[in-house]
Q: 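Sharing a structure below in structure tokens format, with a few things to ask.
Quick caveat, the model's predicted, so the values are computed rather than measured.
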Amino acid sequence: MRLKRREILQHALRFGSLALTGGLAGGLSLPLGCGREDARCYDSELLSTSELALRLSRGYIDLSDRRAGETCGGCQFFEAEGTEGCGHCAILGGPVNVRGRCDAWALRVSA
């Protein structure tokens with residue numbers, strides 16, 4: 001069976017997130033919703049191939065092991081949304097977890 005590029009990217013994204021959060025024992029289904037420490041703020045099944053590839057190339061993870069200041073919540077490209085724990089990233093062009101991080105992280109500068 002040949003997998004399409006989109007399927008490979010989706011599986012890679014799921015596996016990386018699950019391995020990070022220790023969710024491998026629960027299978028490949030991911031919880032949706034925000035407001036929890038391990039919140040998923042988007043459904044990877046609904047992201048386009050280019051959105052998945054961008055997240056993969058930027059090394060995005062939903063839960064960073066870095067200190068709080070070096071997570072999406074402390075990044076200049078992050079905008080908080082109404083749902084606790086979730087926001088929007090200008091670099092990734094979509095929803096992200098406030099406790100996530102990617103390689104494009106940049107310290108938020110106060111105005």
Q: Heavy atoms only: give me the nearest C41-P95 pair and the separation to one decimal.
A: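 Smallest heavy-atom distance, with atoms named: O-CB, 3.5 Å.
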
Q: List in chain and number order the residues that pass side chain to side chain contact (heavy atoms under 4.5 Å, CB included) with I91, two or more places apart in sequence or in another chain; answer none if no residue qualifies.
A: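 So I91 forms a side chain to side chain contact (heavy atoms under 4.5 Å, CB included) with R58, F77, C89, A104.
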
Q: Return the minimal non-hydrogen interatomic distance between V96 and C72, and the atom names on each side.
A: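 Distance-wise, the nearest heavy atoms are CG2-SG, 4.1 Å.
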
Q: Are more than 12 heavy atoms, taken from residues, nucleotides or ligands other than Q76, located less than 6.0 Å from that residue's CD atom?
A: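 Counting other residues, nucleotides and ligands, CD of Q76 exceeds 12 neighbours.
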
Q: If I take atom SG from residue C102 and atom CG from residue L54, how far apart are they, to the nearest 0.5 angstrom?
A: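 That separation rounds to 8.0 Å.
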
Q: Considering residues at least two apart in sequence or located in another chain, which fulfil the side-chain hydrogen bond (donor to acceptor under 3.5 Å, both in side chains) criterion with S50?
A: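 For S50, the residues satisfying side-chain hydrogen bond (donor to acceptor under 3.5 Å, both in side chains) (neighbours in sequence not counted) are S48.
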
Q: To the nearest 0.5 Å, how far apart are CG in L52 and CG in L46?
A: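 Answer rounded to 0.5 Å: 10.0 Å.
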
Q: Find the distance between CG (L107) and SG (C75) and round it off to the nearest 0.5 Å.
A: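 Between atom CG of L107 and atom SG of C75 there are 8.5 Å.
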
Q: Work out which heavy atom in E81 is nearest to a heavy atom in H88; give both atom names and the distance.
A: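 What the structure gives for the nearest pair is OE2-CB, 3.6 Å.
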
Q: Give the C-alpha distance, both sets of side-chain angles, the deciding distance and a yes or no for side-chain contact (heavy atoms from CB on, under 4.5 Å) between C86 and N97.
A: CA-CA 5 Å; C86 297; N97 187 316; over 6 Å; no

Q: Under 3.5 Å, is there a donor-acceptor pair between the side chain of W105 and the main chain of T71?
A: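 Flag set: sc W105 to bb T71 pair under 3.5 Å.
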
Q: Going by the side chain to side chain contact (heavy atoms under 4.5 Å, CB included) test, name the single residue among D62, D65, L63 that passes it with R99.
A: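 It is L63, the one option of D62, D65, L63 that forms the side chain to side chain contact (heavy atoms under 4.5 Å, CB included) with R99.
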
Q: Is there a donor-acceptor contact under 3.5 Å from the side chain of R55 to the main chain of I61?
A: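 Side chain of R55 to backbone of I61: no pair is present.
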
